[in-house]
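Inspection log for the structure reproduced underneath, given as structure tokens.
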Amino acid sequence: MLLSRAATHSRKIIGIKTLKTLGNRVHMDRLNGSARLMIVSDLDSTMVDHDDLDNLSLLRFNALWEAYYRHDSLLVFSTGRSPSSYKRLRNKKPLLTPDITIMSVGTEITYGESMVPDTAWTQYLNQKWNRDIVTEETAKFPELTPQQEEHQRPHKVSFFVEKAKAWEIINVLPKRLEERGLDVKIIYSSGIALDILPQGAGKGQALSYLLKNFKVDGKVPMHTLVCGDSGNDAELYSVPEVYGVMVSNAQEELLQWYTQNAKNNPNIIHATERCAAGIIQAIGNFCLGPNVSPRDIRDFQKCKVDIFRPSHEVVKYYLFYERWRRAEVEKSEQYAQNLKSVFCPLGIFVHPSGGEQPFHQCIDSMAKLYGDMQGHQFRVWVDQISSAQIGSDIWLVKFHKWELSGIELQCYVTTVLMSLKAELPDGFSWVHMHQTWLDGSKAGDQTLWCF
């Protein structure tokens with residue numbers, strides 16, 4: 001990988017007075033203070049393992065994040081994908097909803113679930129950049145093959161080129177563009193992909209910009225962990241005061257960069273685990289917080305966790321629900337009795353169809369489904385858990401519950417009332433639940449009364 005002149009030039013990111021955009025208010029207002037941990041992760045072959053057809057490492061990370069981190073930390077995805085390509089990936093893989101999304105190799109930043117664009121960042125990247133001039137000059141290199149149209153973005157011009165020919169272009173093209181008044185950066189990664197960006201763009205520059213935003217508001221994250229696998233992730237590790245992990249399956253170009261630039265940095269490691277499992281490994285290595293995913297706990301009755309939060313209770317329940325239907329736990333009447341002890345006897349479940357049913361009746365219905373998904377692709381995960389104490393012992397909990405069955409994917413927008421009960425093993429009693437369908441996610445079978 002080569003960053004044309006980026007490795008030797010430090011640039012001012014942007015003036016402080018332009019940092020306070022509407023987009024920043026979206027994600028900053030979710031936390032009252034500094035994030036305990038901010039994870040900034042590449043997607044393909046880092047957070048997402050395309051060789052893991054069951055997505056187990058990603059699901060392990062999801063459970064860890066929602067149980068222990070979502071309430072006071074920030075999740076940032078930093079990907080080379082365009083917005084449309086990123087959205088397609090989200091429709092195929094069980095990705096959580098990030099607080100911030102950096103796309104197109106650091107040229108686009110959006111905030112929150114609605115992906116509010118950061119217009120100040122866009123305006124900054126317009127400096128000494130003209131896409132038409134870039135396309136004119138690159139057309140003079142027949143060895144450059146343009147990537148698909150969806151990968152071409154306002155501040156990113158992308159090609160495929162063989163490695164041997166790439167170095168010749170990298171040595172010549174920046175000078176030609178400079179002569180025409182532009183200041184660009186060329187990033188070569190994966191042994192074939194060549195991206196031309198404004199000099200101020202890139203994954204590392206985008207992260208530096210975000211950290212400046214946080215500093216302006218007095219909310220710099222306590223710890224930041226960057227995660228990647230390829231050449232276009234190298235900039236992330238150059239941002240001061242971050243921890244870094246290169247997953248075990250990192251490409252040679254990134255490992256070579258590490259050997260040449262960061263080998264003596266104790267805050268950057270090469271994990272022994274692939275993809276999301278490597279991220280979990282890094283959390284433990286740097287002592288950044290809990291690093292045992294609830295998915296790695298097979299029996300919660302025997303392995304108690306000294307964390308009493310509604311989010312942990314929600315994650316734990318839906319893991320049991322998945323394992324019950326996959327016949328991965330023992331078929332025991334005791335499990336049903338344990339559930340009934342934590343679900344209020346007078347509690348009501350409001351089905352997405354609008355019908356209502358007592359909790360205990362729903363539990364009896366679920367008991368009959370033991371093993372009905374054994375041998376099938378069936379996974380359950382939760383996303384965007386938020387909780388608020390609305391009384392001395394009452395919590396309002398909201399989240400999205402996702403359920404994958406074969407190729408059918410459904411999402412239930414869920415609201416739960418929980419009561420803090422000291423006499424219960426895990427402290428919380430489920431009092432009321434209301435579910436609705438997420439737009440476009442209505443299940444074919446609406447007769448199933450399992451929450």
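As the structure is a prediction and not an experimental result, all values here were calculated from the model. Atom set for the values below is all heavy atoms of this structure, side chains included, hydrogens, waters and symmetry mates excluded.
- Applying the side-chain hydrogen bond (donor to acceptor under 3.5 Å, both in side chains) rule to S158 yields the partners K156, D195; only residues at least two apart in sequence or on another chain are considered.
- With sequence neighbours left out, the side-chain contact (heavy atoms from CB on, under 4.5 Å) criterion links E273 to A277, Q281.
- The pair K140-E137 meets the salt-bridge criterion, since a charged nitrogen lies less than 4.0 angstrom from a carboxylate oxygen.
- Applying the side-chain contact (heavy atoms from CB on, under 4.5 Å) rule to K165 yields the partners E143, V161, E162; only residues at least two apart in sequence or on another chain are considered.
- In this structure, the side-chain hydrogen bond (donor to acceptor under 3.5 Å, both in side chains) partners of K93, at least two apart in sequence or on a different chain, are N55.
- Taking the ring pair (Phe, Tyr, Trp, His ring centres under 6.0 Å) definition, one finds that Y258 meets it with nothing, sequence neighbours left out.
- With sequence neighbours excluded, no residue satisfies side-chain hydrogen bond (donor to acceptor under 3.5 Å, both in side chains) with Q147.
- In this structure, the side-chain contact (heavy atoms from CB on, under 4.5 Å) partners of H223, at least two apart in sequence or on a different chain, are L37, Y243, L288.
- Every salt bridge (Lys or Arg N to Asp or Glu O under 4.0 Å) that D42 has, sequence neighbours left out, goes to K203.
- Every pair passing side-chain hydrogen bond (donor to acceptor under 3.5 Å, both in side chains) that includes a residue from residues 77-87 is listed here, sequence neighbours excluded: D44-R81, R81-S85, S82-S84, S84-E150.
- Under the 4.5 Å side-chain criterion, counting only non-hydrogen atoms from C-beta, N213 is not in contact with L211.
- Between Y317 and E322, the side chains place no donor N or O within less than 3.5 Å of an acceptor N or O (distance only, hydrogens not considered).
- Under the ring pair (Phe, Tyr, Trp, His ring centres under 6.0 Å) rule, H312 has a single partner from F428, Y68, Y318, which is Y68.
- Taking the ring centroids of W402 and Y412, they lie at or beyond the 6.0 Å cut-off.
- A salt bridge is defined here as a Lys NZ or Arg NE, NH1 or NH2 lying under 4.0 Å from an Asp or Glu carboxylate O, and D51 with R274 meets this definition.
- Between E178 and K128 there is no salt bridge, since no side-chain nitrogen of the basic residue lies less than 4.0 Å from a carboxylate oxygen of the acidic one.
- Under the side-chain hydrogen bond (donor to acceptor under 3.5 Å, both in side chains) criterion, Q152 pairs with R131, sequence neighbours left out.
- Here D54 pairs with D52, L56, R379 under the side-chain contact (heavy atoms from CB on, under 4.5 Å) rule; sequence neighbours left out.
- Taking the centre of each ring, W121 and Y124 come in below the 6.0 Å mark.
- Here E179 does not pair with R176 in a salt bridge; the nearest charged N to carboxylate O distance is not below 4.0 Å.
- Under the ring pair (Phe, Tyr, Trp, His ring centres under 6.0 Å) criterion, F61 pairs with W65, not counting sequence neighbours.
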